[in-house]
Amino acid sequence: VAVKEYDLIVVGSGPGGYVGAIRAAQLGLKTLCIEEGLLGGTCLNVGCIPSKCLLHSSELFYQMKHHAHEHGIQAKEVSFDFKKMMERKDSVIHAFRAGIAGLFKKNKIDLLQGTKAEFEDASTLKVGKALVKGRHILLATGSTVASLPFVTIDEKKVISSTGALSLDQVPESITVIGAGYIGVELGSVYARLGSKVTFVEYFDRVCPGIDPALSKALQKELETQGMSFKLGTKVTGVDASGKACKVAIETSQGEKQELSSSLVLVSVGRKPRVDGLGLEKIGMKLSEQGGVIIDGNFKTSIDHIYAIGDIVDGPMLAHKAEEEGVAAVEVIAGGKPLIDYTVIPSVIYTTPEVACCGLSEAEAKELGLSVITAQFPFKANSRAKAVGADQGFVKLVVESASHIILGAHMIGPQVGELIGELALAIQEKVTASKLAHLCHAHPTLSEAIKEAALQVEKRAIHI
Ligand SMILES: Cc1cc2nc3c(=O)[nH]c(=O)nc-3n(C[C@H](O)[C@H](O)[C@H](O)COP(=O)(O)OP(=O)(O)OC[C@H]3O[C@@H](n4cnc5c(N)ncnc54)[C@H](O)[C@@H]3O)c2cc1C
């Protein structure tokens, strides 16, 4: 059989893989992408996009049902068609999948889809019966759902995020194991649609990775929306054999309890997906967490094989995977990697949203930096008041002496859309007074950022 040869073979078509493949083609590399499943990977098919579709649809319903009257709108008989909500989500995904296929065609990227890639030797991959050879290989196989050792996910009564994105009806009640960002987003969807949602979180706060002040504010807002939290509590068993699911829990004080719900959503994180690639055959080095080890140039322990995205260390985020995909391919084409890992924003798409970038106060202190913080509440922002979404605040972390902005932590309306300005400020080492000097349009939510920057010098106008 003739073995087709490529400059670059990309394994996986998630945001890391497909973006990397397009950049490779732009740089003139003859490129093949191999995708076992669906184009777009986790992000497009069972991650970012479907979750944001359902978050938006459920939020529209929730606003109409609970807040329309505040605007003088009478919407007494608001109801929803769950099947249609899911179909809309599917149609968004289908359109983007077709979009990626179109971009591959336009950029003359070959695609082998539907069969997994497995190493035959360090330069040859077996894809079904076909063999392909790459001068360089980029691994972008992403991640899969993690579970607890004693919990079996059946995607019927004990579901993962994947199952939660394609239920056929709104469950009466859900116990969500893990109040991380995926848990609170999907819990929000179903709580808005009427499910009784209870979170069990091992740590003593919601979304433990974020600034504690944001955690606290987020929990309060989600509780106002009817969700409840068992924090500092671990799950010790799940029994889904009966009609209702039983979840055994134990608080940090050793108090035991049992929760009962129609469904259990396991949302305890994700793990790198390296199974089935035949990495052991080629002697690839893996980390303790099971991911692929890379150097600062995305190179694995094997010279011409690179790896990016969720299978390597770092935050499991689509935009981080994309940046790495581009950077790795630029390295392969002879360039230098250009990623500033200190400014990868993260957003939680609840209501209100949470957006963070750069160092938290605690991280800055751990690094031995002397910092001060300044806060400005959306309550004092005219646009937030005008649209009736004035919860939350902007918090800036700045270096004490220079007032250079090191971190931004926000909870409030559309803060996910506002974080870009602060990411640029952090990347470019902008001072608070420089940011405060920038004329922000009025009335906009972004004025809260200007005011927080002013407040670094205790000169905010509206508080
Ligand atoms: C519910 C949920 C919501 C999320 N929301 C967000 C969000 O709002 N923002 C954000 O930034 N991130 C979000 N994420 C995380 C985001 O989806 C991932 O960080 C991102 O998809 C990682 O991209 P990747 O390219 O590394 O891998 P993936 O997207 O996982 O893609 C890997 C691809 O490789 C393929 N593959 C694996 N092994 C093989 C093989 N042997 N041969 C061929 N193909 C193979 C897989 O089929 C898959 O399509 C979310 C995740 C989930 C689960």
Side-chain angles (χ1 to χ4, degrees), residues 9-21 32-56 89 93 96-97 100 111-119 125-128 130 132 137-146 159-166 176 178 180-189 265-279 291-292 298 307-326 328 344-350 353-356 416 419:
I9 299 177
V10 181
V11 186
S13 73
Y18 92 77
V19 170
L32 165 71
C33 181
I34 306 169
E35 170 55 60
E36 177 183 8
L38 298 167
L39 279 178
T42 303
C43 169
L44 178 55
N45 299 290
V46 291
C48 324
I49 307 305
S51 56
K52 267 80 254 181
C53 287
L54 296 182
L55 277 159
H56 187 71
K89 169 210 61 158
I93 296 172
F96 276 120
R97 256 189 234 140
I100 298 174
L111 171 66
L112 282 177
Q113 198 190 348
T115 316
K116 80 177 167 73
E118 188 183 340
F119 280 99
L125 287 159
K126 198 165 124 215
V127 190
V132 285
I137 293 169
L138 178 63
L139 299 178
T141 53
S143 59
T144 52
V145 167
I159 59 173
S160 69
S161 56
T162 303
L165 292 167
S166 55
V176 184
Y181 85 91
I182 294 178
V184 293
E185 286 186 3
L186 293 173
S188 290
V189 166
L265 165 59
V266 182
S267 181
V268 294
R270 297 181 62 82
K271 54 179 187 211
R273 180 172 170 184
V274 291
D275 309 352
L277 274 166
L279 296 183
V292 173
F298 309 100
I308 53 139
D310 280 9
I311 47 159
V312 302
D313 209 13
M316 287 186 170
L317 293 170
H319 41 285
K320 178 256 191 189
E322 282 184 40
E323 292 303 317
E324 290 186 336
V326 168
I344 295 174
S346 56
V347 177
I348 306 171
Y349 297 83
T350 41
E353 287 183 357
V354 173
C356 309
I419 195 73

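Order of listing sets the numbers, starting from 1, for every ligand and every atom in it. All figures in this text were calculated on a predicted structure; none of them were measured in a lab.
Set against the non-hydrogen atoms of Ile34, the atoms of ligand 1 under 4.0 Å away are 43 (C), 44 (N). For ligand 1 and Met316, the ligand atoms under 4.0 Å from any heavy atom of the residue are 15 (C), 19 (O). Per-residue contacts place Gly14 under 4.0 angstrom from the following atoms of ligand 1 (heavy atoms of the residue considered): 25 (O), 29 (O), 31 (O). Close approach to Gly41 involves these atoms of ligand 1, each under 4.0 Å from a residue heavy atom: 29 (O), 31 (O), 48 (C), 49 (O). Short contacts between ligand 1 and Gly37, defined as distances under 4.0 Å to a heavy atom of the residue, involve ligand atoms 47 (O). Under a 4.0 Å criterion applied to the non-hydrogen atoms of Gly16, ligand 1 contributes the atoms 25 (O).
The parts of Leu317 lying near ligand 1 are both backbone and side chain, judged by heavy-atom distances below 4.0 Å. Using a 4.0 Å cut-off between heavy atoms, Arg270 contacts ligand 1 through its side chain alone, with no backbone atom that close. Residue Arg273 touches ligand 1 through its side chain alone, judged by heavy-atom distances below 4.0 Å. In Ser51, the part holding a heavy atom less than 4.0 Å from any atom of ligand 1 is the side chain. At a 4.0 Å heavy-atom cut-off, ligand 1 touches Ile182 through the side chain alone. Contact annotation for Ser143 and ligand 1: only backbone heavy atoms (N, CA, C, O) come within less than 4.0 Å of the ligand.
A salt bridge is absent between Glu35 and Arg97; no separation between the charged side-chain nitrogens and carboxylate oxygens falls under 4.0 Å.
In this structure, Tyr18 has no heavy atom closer than 4.0 Å to ligand 1.
Side-chain atoms of Asp310 never come within 3.5 Å of backbone atoms of Thr141 as a donor-acceptor pair (strictly under, hydrogens ignored).
Counting heavy atoms from C-beta outward, Val127 and Val132 have side chains that approach closer than 4.5 Å.
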